[in-house]
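Take a look at the structure set out below.
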Amino acid sequence: MSTIQLDCQVPILDVNSTQLYERRADLLRQRNLLESPICRLPVELFSRIISLAIEPIQYDWKHRPITISNTMDLFRLGSVCSHWYHATRSDTQFWGTFTLRDIVDDADESMPDYASLLRHYYKHVGTAGLSVWIYDMHMPLRPGDMLHRIFQIILEENAGKLRSFHVWDFYPAEYACCISPSIFEYAQREVQFTQLVELEFCWTLKILNSPRVLFRNSPLLRKLSLDIPGYSMLPTTLDFPWSRITAVKFCHTNLEHALVLLSSHPHFTEFSFEMYFDNTHTEHTWSPPSQVLFQMQLIKKFGWRIRLVDEHSRYDPWYIQLLFTHFRFPNLRHLVWNATAPSDHPSTQSFFAAMQQLEHLEFYPLPRSCISQYFDVFENLKTLDVVLGSDDDCNQQWLKKLIITPGNGNLLPHLRGLKITSSSNDTPCSAVIVILYSRRIGPIPRSSLEVDLDRLTFPPYVGSLAGCEHRGHLFEFSFHRKVPGVFEKVDWASSCHYGALENLISQAKEVYGGLDLPEIKLVFEN
């Protein structure tokens, strides 16, 4: 046989061997399906089983995701067989969040190749888009290094697949580990972020203005969070596509700029401002005419958390006066309030009275928060979150206000849900028991509040839902105790009143049986 004839036979043999290999692989898959019942499950059900088997996405104390352990589980499960490999790679729910954190040196051999791993995520995330989180970075940003390649992958190569972008960077600009300038430079480019819906930035970089609109080619961008600690009272004109953004959260940014922005964008649906301990008392230049009233008709959620150094001070900052005088939220459903406010200001009552549609209130009792004077206007309020601070006297007063006693004058007696969070060791468990008892079972006479709480019992079972109408409206109750700075294990269950609380819950199950019972959650954290 000639060389030419042999050369002609080689492609034929290659085709035959390829077909045989594919046939063999198909037979092996069929055998796996026959031998392994789990492989015969519908794809949706099998994916559900895998999602239960892998380590769930964990979060740190600031509610930021940690995903590496999740990824390792996916690779382990995908190595079982080809069917499992396909199942772990084809479901986009497993590949939607990528976290880059705690990187010190890219020369560390034990560190994963994040650039390759990121490309792997983009390969499997599909059209759903990827949420990227970057924080606690301690590695200098140098041209050509891994971090530089990662930014290129996210903000250049796959800009159209970025769903949300979250960055925390606390290094000043003069430090090599500061990554904010690089991100700021990318944000000004003519890049199409076609799936981007949320941005969250926390940086100490002193960027006061942007020559161009940041992330301007983001047609779906709706949510922005901006935190600039250290430069809270410096004016800033960072420009974003505000006409598309509907939910805004500012923290430590310039107050005047925030109020001006709020007044000029009536299309906002959520707005929040937060600042810890304002002691600057800076002057302001913006002051609308006295008759101007900004009706924020579309805002459903509003947050205002500003703590003064001296919460007992009679000083009323200019910004609270501007807020009360010129802004109204007639369709507000959710309010977060943690600020002192002047009870004698002429606009205070009308400011809160306009919130008649309010359904959920998260409230931080302060000596001069004054909002409690207007609780009676919140006729549609369904749930109340009370966050107790470090002022024990103020906390005790509020715990007493939450107890239902006979007669009128009780605070929000028709609440459906109540959550109490305390950061104090002095919050008595007995008060929690009395509040729960009075709001679900019935009023407690004031004279009974001093008796042994272990003697509290349920009224007799009346036998019908109609007969339970006289009992309270509360259907969800939770108590969280968080003690900052305490790292040793605290045995809250040894409290002298904890047994009474467990007693109360067990009695409720016996008395009410199948009737509606509030979902009771007791969380003691340290």
For the student: nearest non-hydrogen atoms of [X] and [Y], plus distance:
X    : Y    : answer
L412 : L381 : CD1-CD2, 3.5 Å
Q297 : P330 : OE1-CG, 3.4 Å
P241 : V213 : N-CG1, 3.6 Å
L418 : R439 : CD2-CD, 3.9 Å
T253 : L226 : CG2-O, 3.7 Å
I245 : H267 : O-NE2, 2.9 Å

Judged by atom type as modelled, is there a donor-acceptor pair below 3.5 Å linking the side chain of [X] to the main-chain atoms of [Y]?
X    : Y    : result
Q357 : L332 : no
E256 : W286 : yes
S225 : E200 : no

Step by step, work out the side chain to side chain contact (heavy atoms under 4.5 Å, CB included) result for I134 and F165.
-> CA-CA 8 Å; I134 301 176; F165 195 35; 3.9 Å; yes
Under the side chain to side chain contact (heavy atoms under 4.5 Å, CB included) test, residues paired with V191 that sit two or more places apart = A159, R189, F193
Under the ring pair (Phe, Tyr, Trp, His ring centres under 6.0 Å) rule, collect the residues that match up with F327, sequence neighbours excluded.
-> F294
Sub-4.5 Å side-chain heavy-atom contact between [X] and [Y]:
X    : Y    : result
I371 : L335 : yes
P288 : L322 : yes
N217 : F215 : no
L255 : M275 : yes
P443 : P406 : yes
D227 : H252 : yes
K419 : F477 : no
F351 : T325 : no

Hey, are R305 and E274 close enough for a salt bridge, meaning a charged N less than 4.0 Å from a carboxylate O?
-> yes
Could E190 and R216 be called an ion pair, given the rule that one side-chain N must be under 4.0 Å from one carboxylate O?
-> yes
To the nearest 0.5 Å, how far apart are [atom1] in [X] and [atom2] in [Y]?
X    : Y    : atom1 : atom2 : answer
Q397 : N395 : CD    : CG    : 9.0 Å
L474 : L384 : CG    : CG    : 10.5 Å
L259 : F273 : CG    : CZ    : 7.5 Å
F250 : L262 : CZ    : CG    : 9.5 Å
R416 : E359 : CZ    : CD    : 12.5 Å
S164 : L196 : OG    : CG    : 7.5 Å

Assess whether atom [atom1] of [X] is packed by more than 12 heavy atoms of other residues, nucleotides or ligands within 6.0 Å.
X    : atom1 : answer
Q295 : CD    : yes
K300 : NZ    : yes
Q349 : CD    : no
K249 : NZ    : no

Can the ring centroids of W168 and F201 be said to lie less than 6.0 angstrom from one another?
-> no
Please check if any side-chain donor atom of S350 sits under 3.5 Å from a side-chain acceptor atom of R328, or the reverse.
-> yes
Between R163 and S131, does any side-chain donor sit less than 3.5 Å from a side-chain acceptor?
-> yes
Criterion ring pair (Phe, Tyr, Trp, His ring centres under 6.0 Å) against W337, the qualifying member of F375, Y364, F352, F302 | F352
Between L162 and L155, is a side chain to side chain contact (heavy atoms under 4.5 Å, CB included) present by the stated rule, with each step listed?
-> CA-CA 8 Å; L162 184 63; L155 301 171; 4.3 Å; yes
Given S422 and F479, is the side chain to side chain contact (heavy atoms under 4.5 Å, CB included) satisfied, shown in steps?
-> CA-CA 8 Å; S422 174; F479 175 58; 4.2 Å; yes
Chi angles and distances behind the side chain to side chain contact (heavy atoms under 4.5 Å, CB included) call for T405, N410 | CA-CA 7 Å; T405 58; N410 288 302; 3.3 Å; yes
Going by the angle between their ring planes, with limits at 30° and 60°, are Y319 and W304 parallel, tilted or perpendicular?
-> tilted
